[in-house]
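Protein chains get the first letters and strands the later ones, always in sequence-line order, with residue 1 at the start of each.
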Amino acid sequence: MPQEASNKTDIPKAYDFKDVEPRWYREWNEKGLFRAEIIEGRPKFSMVIPPPNVTGVLHIGHALNNTLQDILVRYKRMDGYDTLWVPGTDHAGIATQNVVERQLASEGLTRDDVGREKFIERVWEWKKKSGGTIIEQLKRLGCSCDWSRERFTMDEGLSRAVREVFVRLYEEGLIYQDDYIINWCPRCHTALADIEVEHEMAQGSIWYMRYPVADEPERFVTVATTRPETMLGDTAVAVNPYDERYADIIGKELILPLVNRKIPVIADSHVDPEFGTGAVKVTPAHDFNDFEIAQRHDLPSVNIFDKNAIVTAEGGPYQGLDRFEARKRVLADLDARGLLEKEEDHSLAAGECYRCKTVVEPRLSKQWFVKIKPLAEPALKAVMEKRTEIVPESWVRTYDEWMTNIRDWCISRQIWWGHRIPAWTCEKCGELIVARNTPEKCPKCGSSALVQESDVLDTWFSSALWPFSTLGWPDETPELEAFYPTSVLITSFDILFFWVARMMMMGLHFREDVPFRYVYLHALVRDAQGKKMSKSTGNVIDPLTIMEKYGTDAVRFTLAAFAAQGRDIKLAEERIQGYRYFVNKIWNAARLVLMHVENSRPDDLVLESPEGCGKVEKWILSRLNSVTATVRNALETFNFDVAAKELYQFFWHEFCDWYLELSKPALSGNGTDHEVRSARAVALHVLDTSLRLLHPFMPFVTEELWHHLPETGGDRGYVMTAPFPREDSRWSSPGAEQEIERVMEVISGIRNVRAELGIHPGARLDVIAIPHSSEVSHILETYLAEISNLARVGSVTTAPGDSKRPGGAASLIFEDLELFIPLKGIVDIKEELAKLKRDEAKVMKELKKSEAKLGNSNFTEKAPAEVVEKERKKLEKAQAKLEKIMKHRKTLEAVEA
RNA sequence: AGGCGCGUAGCUCAGUGGGAGAGCGCUACCUUGACGCGGUAGAAGUCGGCGGUUCAAUCCCGCCCGCGCCUACCA
């Protein structure tokens with residue numbers, strides 16, 4: 001809370017997200033920070049949410065998807081864009097209808113018992129009561145959507161868009177009705193589009209059945225089938241025209257057993273003579289291929305199943321049997337007649353309804369279709385011309401393939417929940433009327449006896465319009481003007497065709513422009529073993545549970561850090577815990593900084609430029625600047641993992657581990673006034689900038705800390721709306737970076753020696769230094785205090801290059817520096833010698849490698865000059881180092897002897 | 001069957017035509033007043049296998065093995 005900012009000393013030791021998260025979310029929302037404004041002249045950034053099913057609850061995939069969107073939109077908002085992120089839900093026709101049907105079933109009712117109108121009322125009631133669950137969960141995730149613009153695909157406005165699109169496509173001849181074979185779900189009682197059917201390989205059987213030849217009692221044609229029950233609807237047997245085995249029988253008739261119908265033997269090149277017996281039974285009403293064969297040969301169709309996949313009167317004695325029961329009976333009866341030749345194992349992929357997993361039944365029926373080619377071609381072209389860019393690019397190929405081989409889209413569904421098709425039939429004259437508004441009477445005969453089409457539209461038909469219907473289309477609204485095309489669509493690759501492709505088609509057709517400039521496709525979240533998460537396997541990670549346990553920021557950061565392009569995310573709970581620790585690290589680093597700046601005058605904490613700063617400060621500022629550039633660039637290219645990891649590495653391992661440690665004395669008031677002020681201002685500046693860089697990833701902890709920062713130069717407002725840091729070459733300082741890296745190298749080196757020799761971490765050491773370059777002398781002099789502090793060194797005595805190496809001492813040898821730590825009685829000369837030999841071997845190996853390279857004329861002639869030069873330097877360094885190691889070894893050997 | 005992707009430290013994964021990296025885990029040590037949700041140091045890999053291109057291959061190409069996913073009308 002801003003008013004509590006003066007209470008900085010009260011910051012608790014550990015970050016308590018439970019208190020912080022709801023508090024800030026409420027405040028952002030109340031202050032209207034999520035709301036999109038349209039301001040002339042400002043750049044625009046917009047996204048539409050992939051609308052979750054209104055029946056849905058937040059799963060880990062949603063968490064990933066929406067975290068990535070939120071990161072991007074928060075970044076752009078901070079960066080000065082007018083941002084709009086449109087949220088909403090999808091009416092999810094079949095899924096929602098199933099939910100309410102289950103509810104009815106528990107009352108012992110079916111949808112037919114209550115009737116269409118009452119049923120739809122029940123669905124709306126359900127939606128009002130439970131439909132908002134996932135929206136509330138998105139808010140807990142921190143999503144900064146513009147909730148004032150929340151939409152639902154069945155809203156009045158969106159429904160109007162659906163009718164408009166349907167009527168226009170119909171008028172353009174792109175929607176038609178036809179008898180066609182479609183995928184039918186016998187449980188949902190509706191047609192399904194091709195892509196709504198899932199195929200899973202499973203072990204089944206293939207049966208060989210004999211069909212007697214009509215006029216030759218002893219002769220049979222054997223057909224192979226995986227679905228023997230459909231033989232009741234056979235209207236032909238097909239063979240390959242070039243199959244000699246059957247040449248003489250083409251055109252003759254067979255007796256269809258059990259049914260005793262005569263069916264012809266026809267020749268069709270679709271038949272593969274190699275497979276089975278080379279003879280195929282043809283059931284046009286219940287098989288896609290057979291349907292096509294039937295069309296080519298003008299065969300009749302016999303529909304043997306009703307909507308429940310129960311055998312109809314056409315099945316004679318089998319009427320009333322379920323399809324699986326019918327199979328058993330048909331096989332038994334064939335066997336009894338000696339017409340079942342054999343049964344073989346056979347693996348096949350039966351289609352299943354993607355909503356309820358019931359095996360679908362191909363079925364001949366009258367359906368509505370969208371003629372897809374005229375829509376698909378521009379949609380493909382737009383991607384090929386990069387008017388919409390798909391990221392990662394590897395998906396373009398898949399998109400291309402699908403869009404090229406696309407088939408007409410079956411859009412009618414025989415359910416009740418959804419957009420009812422705006423078509424009416426005149427009972428008097430049979431006229432078909434397609435209209436935006438319910439017609440009063442038949443335009444042809446004037447009759448008012450009009451009956452509306454009972455089918456509703458595929459849910460994806462309405463979601464295909466989402467990028468413009470949510471912005472007010474078909475009205476020309478300011479939102480549409482400002483925010484279409486949207487900037488980016490972030491979604492999971494598995495709905496590239498269901499949804500993305502269809503939005504491309506509809507957007508281009510009705511808005512004459514692509515619906516989005518970029519499509520970022522992220523991966524699926526799997527469990528730690530790489531298995532798909534599913535309730536039945538019991539390996540789901542519930543985002544709400546882990547948010548409860550580790551905090552939302554930790555969950556978001558984990559998802560971002562693992563969102564590498566083109567690879568599935570294998571998620572284990574330990575990862576989240578690791579990033580929970582990071583949140584805590586940020587919290588405590590902030591505590592440290594705030595503790596030291598709380599009594600400063602605000603003016604003293606302002607940092608305008610790195611001028612006047614010491615090298616350590618210049619170094620961290622330079623690093624911060626380069627991290628800023630990396631993060632920005634990563635976000636612009638959807639490399640969320642790169643951005644997250646860069647921030648993690650910088651904040652923890654550079655800012656905390658080194659900068660704060662190096663400057664602790666100055667921070668706590670040791671040093672000149674200038675040094676103290678400078679250290680504090682820089683620490684605060686880096687903290688401030690880091691919080692802004694981190695905010696898109698971790699909105700809550702950063703906002704909380706932001707309000708603890710001192711108000712240098714007035715109210716800081718919210719980090720959510722603070723400017724996103726921008727790189728600036730003035731802050732870059734390669735010289736300081738190099739120098740501090742040397743200091744770190746020396747400190748780490750001494751620490752290493754201490755650890756290896758088991759010297760107590762608290763013990764102060766006296767060090768003898770023999771520098772071999774002015775550069776390293778300078779480092780030793782300038783950073784004596786830092787080295788002493790962080791490496792626990794008591795004194796450093798510098799000795800000239802030709803002085804005698806101490807005998808009973810541990811050594812640390814660089815190419816231009818030798819350090820000796822005399823420890824009487826502690827250093828075991830044998831141990832030290834062994835260590836030197838290890839070092840020697842290591843350097844020798846590098847040295848030989850370099851020598852070999854440089855000795856190869858092919859290398860020195862063909863490799864780029866800079867690479868060769870680098871290799872020379874490497875060799876020199878190794879030589880210098882080796883020389884010093886040898887010298888020290890001799891000294892020790894002399895002592896020992 | 002075709003297409004795509006993956007195989008790098010015990011685990012999860014980055015990465016690049018010229019010195020093998022991170023996180024977690026592991027080992028040793030540490031009551032250094034921001035943090036033990038911490039610190040310091042360390043061990044650990046024939047970069048799936050075999051060939052090829054190249055002065056140089058973990059990276060590029062080919063083949064093979066293993067795994068995953070998507071698409072397909074072999075009944």
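B/rC24 and B/rC61 have their P atoms separated by 34 Å, with the value rounded to a whole Å. With C1' as the reference atom, B/rU40 and B/rC35 are 15 Å apart, rounded to whole Å. A distance of about 30 Å separates the P atoms of B/rA57 and B/rG42, rounded to the whole Å. Atom name P, nucleotides B/rA1 and B/rG48: the rounded distance is 25 Å, in whole Å. Of the P atoms belonging to B/rG38 and B/rG23, the separation is 12 Å, rounded to the nearest Å. Taking the P atoms as reference points, B/rG10 lies 26 Å from B/rC69, given to the whole Å. Straight-line distance between the C1' atoms of B/rG45 and B/rG7: roughly 14 Å, to the nearest whole Å. Separation of the P atoms belonging to B/rA22 and B/rA41 is 12 Å when rounded to the nearest angstrom.
Of the candidate nucleotides B/rC55, B/rA75, B/rC37, B/rC55 has the atom nearest to the side chain of A/Pro864. Counting only heavy atoms from C-beta on, A/Ala755 has its side chain closest to B/rA41 among B/rA41, B/rC13, B/rA34. The nucleotide whose nearest atom lies closest to any side-chain atom of A/Phe562 is, among B/rC37, B/rU12, B/rA75, B/rU12. Between B/rA75, B/rU40, B/rG18, one nucleotide has an atom nearer to the side chain of A/Val271 than all others, and that is B/rA75.
Counting to the nearest Å, the C1' atom of B/rG39 and the NE2 atom of A/His760 are 14 Å from each other. The interatomic distance linking A/Lys13 (NZ) with B/rC37 (C1') rounds to 12 Å, in whole Å. The nearest whole Å value for the distance from the NZ atom in A/Lys664 to the P atom in B/rG33 is 8 Å. Rounded to a whole Å, the CD atom of A/Glu871 is 12 Å from the P atom of B/rG18. Across the protein-nucleic acid pair, A/Lys874 atom NZ and B/rG19 atom P stand 5 Å apart, rounded to whole Å. The CD atom of A/Gln577 sits 10 Å away from the P atom of B/rC24 (whole-angstrom rounding). Taking atom CG of residue A/Leu687 and atom C1' of nucleotide B/rC35, one finds them 14 Å apart after rounding to whole Å. One can place CG of A/Asp272 at 11 Å from P of B/rC74, the figure rounded to the nearest angstrom.
Counting distance only, with no hydrogens placed and no angle test, the side-chain atoms of A/Lys585 and the base atoms of B/rC35 include a donor-acceptor pair under 3.5 Å. For A/Lys849 against B/rA56, a side-chain-to-base donor-acceptor contact under 3.5 Å is absent. Side-chain atoms of A/Glu646 and base atoms of B/rA22 include no donor and acceptor less than 3.5 Å apart.
Taken to the nearest 0.5 Å, the CG atom of A/Leu559 stands 5.5 Å off from the CG atom of A/Leu64.
Among the protein residues, A/Gly551 comes within range of no part of the nucleic acid, since none of its heavy atoms lies under 4.0 Å from any strand. Residue contacts for A/Asp657: at a heavy-atom cut-off of 4.0 Å it reaches the sugar-phosphate backbone alone, with no base atom in range. A/Tyr648 comes within 4.0 angstrom of the backbone, heavy atoms only, and of no base. A/Tyr579 comes within 4.0 angstrom of nothing in the nucleic acid, heavy atoms only. Within 4.0 Å of A/Glu292, counting heavy atoms only, lies no atom of the nucleic acid at all. Note on A/Val642: nothing from the nucleic acid sits closer than 4.0 angstrom, heavy atoms only. A/Arg580 comes within 4.0 angstrom of a base, heavy atoms only.
Contact check, A/Arg397 against B/rC4: a side-chain N or O comes under 4.0 Å of OP1 or OP2. Contact check, A/Asn752 against B/rG42: a side-chain N or O comes under 4.0 Å of OP1 or OP2. Between B/rG23 and A/His653, a contact under 4.0 Å exists linking OP1 or OP2 to a side-chain N or O. A close approach under 4.0 Å does occur between a side-chain nitrogen or oxygen of A/Trp652 and OP1 or OP2 of B/rG39. In terms of phosphate contacts, A/Ser748 brings a side-chain nitrogen or oxygen within less than 4.0 Å of OP1 or OP2 of B/rA41.
Between the side chain of A/Asp345 and the backbone N or O of A/Ser205, no donor-acceptor pair lies under 3.5 Å. A donor-acceptor pair under 3.5 Å links the side-chain atoms of A/Arg754 to the main chain of A/Ala763, judged by distance alone. Using modelled atom types, one side-chain atom of A/Asn240 and one backbone atom of A/Tyr242 make a donor-acceptor pair closer than 3.5 Å. The backbone N or O of A/Asn289 lies less than 3.5 Å from a partner atom in the side chain of A/Asp287, making a donor-acceptor pair. Of the possible polar contacts, one joining the A/Arg556 side chain to the A/Phe697 backbone as a donor-acceptor pair under 3.5 Å is found.
The side-chain heavy atoms of A/Leu334 and A/Trp207, taken from C-beta on, include no pair separated by under 4.5 Å.
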